[in-house]
Colleague: 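Below is a structure I'd like to ask you about.
All heavy atoms count here, side chains included; hydrogens, waters and symmetry mates do not. In this text, all values refer to a predicted model and were calculated from it rather than measured experimentally.
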Amino acid sequence: MIGETFEVVVVGAGHAGCEAALAAARLGLSTALVTISQDRVATMSCNPAIGGLGKSQIVREIDALGGEMGRAADAAAIHFRRLNRSKGPAVRARRVQCDLGRYHGHMHQALKSQDNLLIVEGMVERVLTDDNQASGVELSGGVRLKAAAVVLTAGTFLRGKMHVGMESTPGGRLGDPASVGLTGSLESLGLVIGRLKTGTPARLRADTVKLLGLEAQPSDVEILPFSHRGHIQTHPQIRCYFTRTNPRTHEIIRAALDRSPLFTGVIEGRGPRYCPSIEDKVVRFPDRTSHQVILEPTDLSARVIYPNGISTSLPKDVQEELVRSIVGLEEAQIQDYGYAVEYDFVLPTQLDRTLQVRRVPGLFLAGQINGTSGYEEAAGQGLLAGINAHAIVTGRDAVVLGRTEAYIGVMVDDLVTRGTNEPYRMFSSRAEFRLMLREDNATVRLARWAEVIGLVPPEEVSERREEQRILENLLGSLQSIRGDLDQRGRRPTLEKILRRPEVCIEDLLEWLPGSYPKDVMEQAEVQIKYTGYIDRQRRQARQLERMEDRKIPEETRYLRVPGLSRELAEKLNRLQPSSFGQASRVDGMTPAALMVLSIWLKKTENVPRGTNRRGCS
């Protein structure tokens, strides 16, 4: 069989695969990126947007570590919103509507122009191993690509099945075939496979939608880029529009539930709880008389509308009827029908925190194959997997992001420790230290990792150091410069004035020397206004880090630990947490059980040399 040899092979060119391939190649490894078609690179299969609550932090972290998603979003942004602007800094988020063609074009160009990276068109059928270690992949037709590390980012393609009404066809997404053989290959390696489901709404022809009279949502005037390395491109900013379903819509849906694959048992996989289909919403919330629908143009031409909020897998005739029951869509024509896609995923508790499969060294998984949903979650995993594929090939230390350092760290720890039985979506509520893990401070908190990893060019590292210096100067000025006399005849410092709830940093610019970047001013304001809360979270984070640093030996036999329930011991045996921090987050773990484990491990550490120190038989 013919083939080529690389250092890293990445399978799939979605959001995870693009980041993984770029990371490995930029770090100097010969890298192959296998995709069904170059025309489908970085396709936005669902809504045309990047960012949002709990997600924009991931995009900023990707950019801070040297990834590409932030720059691609900036290059394609046609509608910008700052969410939760009036709320606390921990939950503020950026979100952009993207021109689908421009997003794909930016990412495709980044891949094509990258040294050390070859794009290979084909379908991967099998993961190759040598002495149970990943050694490459085999494509349909028998071509083999040999490599020291393999990163699988299969998206929704593993035995993917698309459902429209009672019709089911193989496919990973509209227009693309399913990957049939790869699941069997993974099972032969001893991996446990599950089944999930996601979906998408119909796409509408914009010239048949009546926007007049609907509530418009213009883009924000102030546009903040995702990337720290550039400026958002000044494309014309389009408008989105709001409409709603109504009782008639819900009647149509209820009458067709006997033809719904979701409610007739045709679909076995579990769908996303936080982004349900419209039929699921109607059934789960029977008292609701309407649900919001946001009409989002998919590019600057505004020829196609994405009706966010009515994802469905109902039959085509029902989709037409329910769409036309909505105000503004009475004459809408469907360009592409909505569908559900059911697909295999690997239970992520079989991975370690580098995203490497524990039982197959050199094999990394990233994206929806790990049970996640969302472009941002996939890209964050892809970047980490690409970085750690480089580490295993070169013998460098692996990169593990902690829960106190990054949303990416929270996500990965959740997946490998707790697992998931539904599509995992990132929320700010999942991060215990979200006030520390803000959008505005991503480069500062990840500066150490950025320098260690080496994806950020030296000149950009210097720019970030300069930004940190500017922040420190600004904080110094706020602490030393005094404002006007107050009612007591005192002149408080600008720092004390800024602590007042009604004052923002823009109110103090007349006293401050020079000008400052928006992110720097936001960081300074947050640090001053929330200093007590931040200090408390830092103390809690240090406590967690001390717990994280306390390692648990590999292959510990928890069934031999007196005092642990059998259910918890079996779960710990399966998950094999590497630290007390991870063990503490295992579902069912209690403080009492953690204390039992701690005492037992102390005893086993003190047994005489030569005896069994792991409780193993």
Side-chain angles (χ1 to χ4, degrees), residues 187 189-196 268-270 272-274 345-360 365 370-372 400-404 409-427 429-433 540-608 611-617:
E187 288 178 323
L189 295 174
L191 296 181
V192 180
I193 305 296
R195 194 84 170 150
L196 294 176
E268 299 175 358
R270 187 167 181 176
R273 186 192 323 178
Y274 303 103
F345 80 109
V346 174
L347 272 62
T349 51
Q350 300 167 96
L351 312 178
D352 63 26
R353 292 205 293 168
T354 71
L355 296 180
Q356 183 176 216
V357 177
R358 288 197 185 100
R359 65 188 307 149
V360 188
L365 309 183
N370 289 339
T372 60
V400 175
L401 298 175
R403 297 183 74 90
T404 64
V410 173
M411 170 178 61
V412 171
D413 189 60
D414 280 350
L415 292 171
V416 305
T417 303
R418 300 172 178 171
T420 186
N421 59 3
E422 62 183 61
Y424 176 100
R425 178 179 176 179
M426 177 50 71
F427 294 102
S429 59
R430 295 189 189 273
E432 302 93 331
F433 307 105
Q540 293 170 342
R542 284 194 291 269
Q543 292 173 356
L544 177 60
E545 286 170 354
R546 285 195 292 270
M547 181 175 281
E548 289 289 353
D549 289 340
R550 189 173 177 195
K551 301 300 182 183
I552 297 177
E554 295 180 5
E555 300 179 11
T556 293
R557 295 292 184 89
Y558 293 93
L559 286 169
R560 295 182 178 271
V561 180
L564 289 182
S565 70
R566 185 173 184 85
E567 179 183 1
L568 180 57
E570 289 177 346
K571 188 175 293 186
L572 289 167
N573 263 348
R574 185 175 70 254
L575 298 177
Q576 286 294 318
S578 61
S579 69
F580 269 79
Q582 279 199 316
S584 70
R585 293 185 290 278
V586 170
D587 287 340
M589 178 59 76
T590 65
L594 204 62
M595 182 61 69
V596 165
L597 181 59
S598 174
I599 294 170
W600 182 79
L601 283 171
K602 282 182 180 178
K603 289 180 179 179
T604 60
E605 288 170 0
N606 295 323
V607 298
T611 59
N612 192 325
R613 304 168 67 90
R614 292 180 177 175
C616 303
S617 55

Colleague: Of the non-hydrogen atoms in T349 and T417, which two are nearest, and what is the gap between them?
Modeller: CG2-O, 4.2 Å
Colleague: Supply the atom-to-atom distance R557 CZ to Q576 CD, rounded to the nearest 0.5 angstrom.
Modeller: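 R557 atom CZ to Q576 atom CD measures 9.0 Å (nearest 0.5 Å).
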Colleague: Just wondering, do R359 and L189 contact through their side chains at under 4.5 Å, heavy atoms?
Modeller: no
Colleague: Taking C-beta and beyond as the side chain, do Q582 and V416 meet within less than 4.5 Å on heavy atoms?
Modeller: yes
Colleague: Might you work through the side-chain contact (heavy atoms from CB on, under 4.5 Å) test for M426 and V410, ending with a clear yes or no?
Modeller: CA-CA 9 Å; M426 177 50 71; V410 173; 4.2 Å; yes
Colleague: Nearest 0.5 Å, what's the OH-CG distance between Y558 and L568?
Modeller: 9.5 Å
Colleague: Looking at every heavy atom in both F433 and R403, which two are closest together, and how far apart are they?
Modeller: CD1-O, 4.1 Å
Colleague: At their closest point, which heavy atom of A541 faces which heavy atom of T404, and how far apart are they?
Modeller: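 That closest heavy-atom pairing would be CB-CG2, 3.5 Å.
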Colleague: Return the CD to OG1 distance between E554 and T556, rounded to the nearest 0.5 Å.
Modeller: 9.0 Å
Colleague: What is the minimum heavy-atom distance between L365 and N370, and which atoms define it?
Modeller: O-ND2, 2.9 Å
Colleague: Kindly compute the distance separating CG (L401) from OG1 (T354), expressed to the nearest 0.5 Å.
Modeller: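 Those atoms lie 11.0 Å apart.
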Colleague: Kindly write out the residues that satisfy salt bridge (Lys or Arg N to Asp or Glu O under 4.0 Å) with E422, not counting sequence neighbours, or none if the list is empty.
Modeller: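 By the salt bridge (Lys or Arg N to Asp or Glu O under 4.0 Å) rule, E422 matches R270, R273.
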Colleague: Using a 4.5 Å cut-off on heavy atoms from C-beta on, say whether the side chain of P577 contacts that of L572.
Modeller: yes
Colleague: May I have the step-by-step check of side-chain contact (heavy atoms from CB on, under 4.5 Å) for I552 and L601, ending in yes or no?
Modeller: CA-CA 8 Å; I552 297 177; L601 283 171; 4.1 Å; yes
Colleague: Determine the minimum heavy-atom distance between R418 and R585, stating which atoms define it.
Modeller: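 It is NE-O, 3.2 Å.
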Colleague: Taking G409's backbone N and O only, do any of them form a donor-acceptor pair with R353's side chain (distance below 3.5 Å, no angle check)?
Modeller: no
Colleague: At what distance, to the nearest 0.5 angstrom, does OG1 of T372 lie from CG of D414?
Modeller: 12.0 Å
Colleague: Given side chains that start at C-beta, do those of V346 and V357 come closer than 4.5 Å, heavy atoms only?
Modeller: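 Heavy-atom side-chain distance check fails, nothing below 4.5 Å.
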Colleague: Mind listing the closest non-hydrogen atom pair of N421 and L196 along with its distance?
Modeller: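 Scanning both residues completely, I find the closest heavy atoms to be O-CD2, 3.8 Å.
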Colleague: Rounded to the nearest 0.5 Å, how far does CD of E555 lie from CG of N573?
Modeller: 10.5 Å
Colleague: So L415 and L351, do their side chains get closer than 4.5 Å, heavy atoms only?
Modeller: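 Answer no - side chains too far apart.
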Colleague: Quick check on Q540: does its CD atom have over 12 non-hydrogen neighbours (other residues, nucleotides or ligands) under 6.0 Å away?
Modeller: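 Counting other residues, nucleotides and ligands, CD of Q540 exceeds 12 neighbours.
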Colleague: Is E570 salt-bridged to R566, going by a charged N under 4.0 Å from an acidic O?
Modeller: yes
Colleague: I'd like to know if the side chain of Q350 reaches the main chain of R358, judged simply by a donor and an acceptor atom lying under 3.5 Å from each other, with no hydrogens or angles considered.
Modeller: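 Looks like no, no N/O pair under 3.5 Å.
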